[in-house]
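I have placed the structure first, in the form of structure tokens, so that the comments after it can refer back to it.
Proteins get letters first, then strands, A, B, ... in listed order; numbering begins at 1 in each.
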There are 2 protein chains.
Amino acid sequence: MSQTVDRALSILPLLAEGPANLEQVATRLGVHKSTALRLLRTLHEHGMVYRQQDQRYRLGARLFALAQEAVENLDVREIAHPHLVTLNERCGHTVHLAVYEENEVLYIDKVESRYPVRMYSRIGKPVAITVAAVAKLLLADLPEPERRALAERLTYPAYTARSTPNAAAFLKELATVREQGWATDFGGHEESINCVGAPIRGTDGRVVAACSVSAPNVVVSAEELLSLLPLVRRTADEISREYSGGGPASASVSHASQNPPK
Amino acid sequence: MSQTVDRALSILPLLAEGPANLEQVATRLGVHKSTALRLLRTLHEHGMVYRQQDQRYRLGARLFALAQEAVENLDVREIAHPHLVTLNERCGHTVHLAVYEENEVLYIDKVESRYPVRMYSRIGKPVAITVAAVAKLLLADLPEPERRALAERLTYPAYTARSTPNAAAFLKELATVREQGWATDFGGHEESINCVGAPIRGTDGRVVAACSVSAPNVVVSAEELLSLLPLVRRTADEISREYSGGGPASASVSHASQNPPK
DNA sequence: ATTCCGGTTGCAATCTCTGCAACGTTCATT
DNA sequence: AATGAACGTTGCAGAGATTGCAACCGGAAT
């Protein structure tokens with residue numbers, strides 16, 4: 001929309017990969033050196049980029065400060081966190097919290113497993129949207145046309161033999177998830193990792209976030225993990241209640257209805 | 001420098017205070033609604049701001065993802081190296097950089113002394129953890145339980161008469177180091193070699209690395225070496241500052257009001 | 001229905017940004 | 001010392017992106 005700002009913002013992800021000098025930035029942006037210089041200077045004035053001694057640029061402290069505020073603004077996270085910790089204390093496995101935003105599902109919180117096994121995931125990073133339990137929960141609640149449009153737009157990587165193969169299968173799975181009010185991922189992303197999740201709803205009954213418990217086969221079988229479902233759902237419901245109950249605005253319905261208003 | 005980018009970036013700290021709608025943003029920016037709208041749209045496309053259901057804007061998740069990625073790509077060694085070289089140029093002695101990892105303290109960089117006498121150490125090699133100045137600095141910052149557990153687990157070789165004799169003495173020494181913010185090793189590893197060091201900290205204040213200057217008695221006495229402490233500390237602080245993104249970003253928010261509505 | 005409020009869009013003027021080319025530094029090579 | 005290369009920096013004029021305006025919507029409240 002705005003060429004100048006567009007270019008300036010494009011510099012940031014580029015620098016996130018690692019420090020770069022003026023010419024590298026200019027080349028990758030496809031603009032003249034002097035143009036890149038002026039953009040970088042503006043970013044610099046705002047503390048978004050920093051210039052190291054060797055004159056190369058990297059992301060600046062202001063960005064970190066803003067990022068900090070950005071997460072704090074995701075107030076679901078604040079409310080949910082203690083509940084997630086409790087959940088982790090009770091079952092011992094890795095607990096995730098995720099939200100849907102702009103065609104992506106993002107992890108916004110995580111409590112590490114107390115078992116030695118570690119699984120890869122990163123706060124702020126988009127999740128494997130076609131297979132993750134939390135993704136299914138969040139997408140299942142989208143308005144029907146949007147959900148379908150998104151499903152068509154996605155690609156369906158075959159992470160494992162049990163990955164969701166295509167849009168049709170995905171939509172069917174979402175319907176099931178929507179119906180039952182919980183979701184699983186049994187080896188759809190990584191062969192040996194299973195996952196069960198439940199939705200967190202706001203005052204209006206819409207799904208605002210989703211939480212899940214993940215564990216590798218070597219620690220618990222899929223059935224054992226599934227036995228934790230009631231606990232996971234209870235946790236999600238508690239978060240929903242607290243999330244909706246907060247303000248004096250309209251503390252009406254405390255238990256979220258299964259069928260959100262259209 | 002660039003008006004458009006300047007204005008766009010000024011929106012971010014503004015939203016960090018809390019969600020705002022279009023008109024609020026336009027007013028606080030001192031521009032026309034339509035201008036603000038277009039800036040916000042561009043920010044939106046880059047995921048820097050997010051639009052909630054009530055159409056108000058808030059900071060977006062991409063900010064967080066960017067910061068996360070940047071932190072992961074940070075390399076202490078790369079940033080520290082030029083500073084270490086400068087330190088070496090100023091004092092002439094051997095300069096070391098070390099990190100703590102998996103119950104060990106490892107040298108990850110070294111600038112050789114310019115005096116003919118050199119000391120033995122090798123990049124990548126674990127240091128004498130119970131006596132080295134850098135080790136004391138790194139361990140002093142560990143969480144209390146972990147620090148104690150580690151201290152108990154270690155063995156205390158009597159390299160010299162002045163080597164740390166046991167866990168109790170070591171923990172006491174660590175407390176001192178933690179308190180004063182610097183550390184020494186006077187002949188604890190090799191009778192004739194002394195050493196002073198200072199901690200390098202990340203954004204969150206945690207010690208991420210430590211640097212030190214080492215020299216044999218025959219070149220400088222312990223007191224003379226200690227007189228270099230301010231220089232060593234200053235170097236460590238400079239590295240810290242650069243590592244955490246250039247200090248408290250003095251975001252000179254130039255007010256966008258050069259072109260007021262007539 | 002009407003009014004208000006806030007967001008959105010098309011347009012012309014113009015102000016800002018761009019690319020260029022020349023210049024300044026630093027560093028390595030001859 | 002001199003030469004050259006590499007890279008960052010600056011002044012300028014032209015071009016095109018950006019701006020403010022005013023009109024237009026769409027929903028909410030009256």
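Between A:Tyr156 and A:Phe170, the two ring planes are perpendicular [angle over 60°; tilted spans 30° to 60°].
Nearest-nucleotide assignment on DNA chain C puts the 5′-proximal partner with B:Gln24, out of B:Ser2 and B:Gln24. Place B:Leu37 and A:Ser34 on DNA chain C by their nearest nucleotides, and B:Leu37 ends up nearer the 5' end. Residue whose closest nucleotide on DNA chain D sits further toward the 5' end, between A:Val5 and A:Arg51: A:Arg51.
Rounding to whole angstrom units, OH of residue A:Tyr57 and C1' of D:dC7 are separated by 11 Å. If you take NE2 of A:His44 and P of D:dT9, they are 11 Å apart, rounded to a whole angstrom. Here the C1' atom of nucleotide C:dG10 and the NE2 atom of B:His32 are 13 Å apart, to the nearest Å. Between the C1' atom of C:dG24 and the CD atom of A:Gln55 lies a distance of 12 Å, rounded to the nearest Å. The CG atom of A:Asp54 sits 14 Å away from the C1' atom of C:dT26 (whole-angstrom rounding). With rounding to whole Å, B:Leu22 atom CG is found 15 Å from D:dC25 atom C1'. Distance CG (A:Asn21) to P (C:dT25): 20 Å, rounded to an integer number of Å. The interatomic distance linking A:Gln3 (CD) with D:dG16 (C1') rounds to 9 Å, in whole Å.
Remark: B:Arg41 is not in phosphate contact with D:dT18, judged by side-chain N or O atoms under 4.0 Å from OP1 or OP2. Close to D:dT10, at under 4.0 Å from its OP1 or OP2, lies no side-chain N or O of A:Arg38. A close approach under 4.0 Å does occur between a side-chain nitrogen or oxygen of B:Thr35 and OP1 or OP2 of D:dG20.
With A:Arg233 contributing its side chain and A:Ala198 its backbone, the two residues share no donor-acceptor pair below 3.5 Å.
In this model, no donor atom of one side chain and acceptor atom of the other lie less than 3.5 Å apart for B:His96 and B:Asp109. Of the N and O atoms on the side chains of A:Tyr57 and A:Arg51, at least one donor lies less than 3.5 Å from an acceptor on the other residue.
Comparing D:dG8, C:dG7, D:dT9 against the side chain of B:Glu23 picks out C:dG7 as the nearest. Here the nucleotide nearest the side chain of B:Arg7, chosen from D:dG20, C:dT8, D:dT9, is D:dG20. Of the candidate nucleotides D:dT9, D:dC21, C:dT8, C:dT8 has the atom nearest to the side chain of B:Lys33.
The structure places CG of B:Leu228 at 5.5 Å from NE2 of B:His93, a figure rounded to the nearest 0.5 Å.
Contacts of A:Arg56 with the nucleic acid, taken as non-hydrogen atoms under 4.0 Å apart, are absent. Looking at heavy-atom distances under 4.0 Å, B:Thr4 makes contact with sugar-phosphate atoms alone, never a base.
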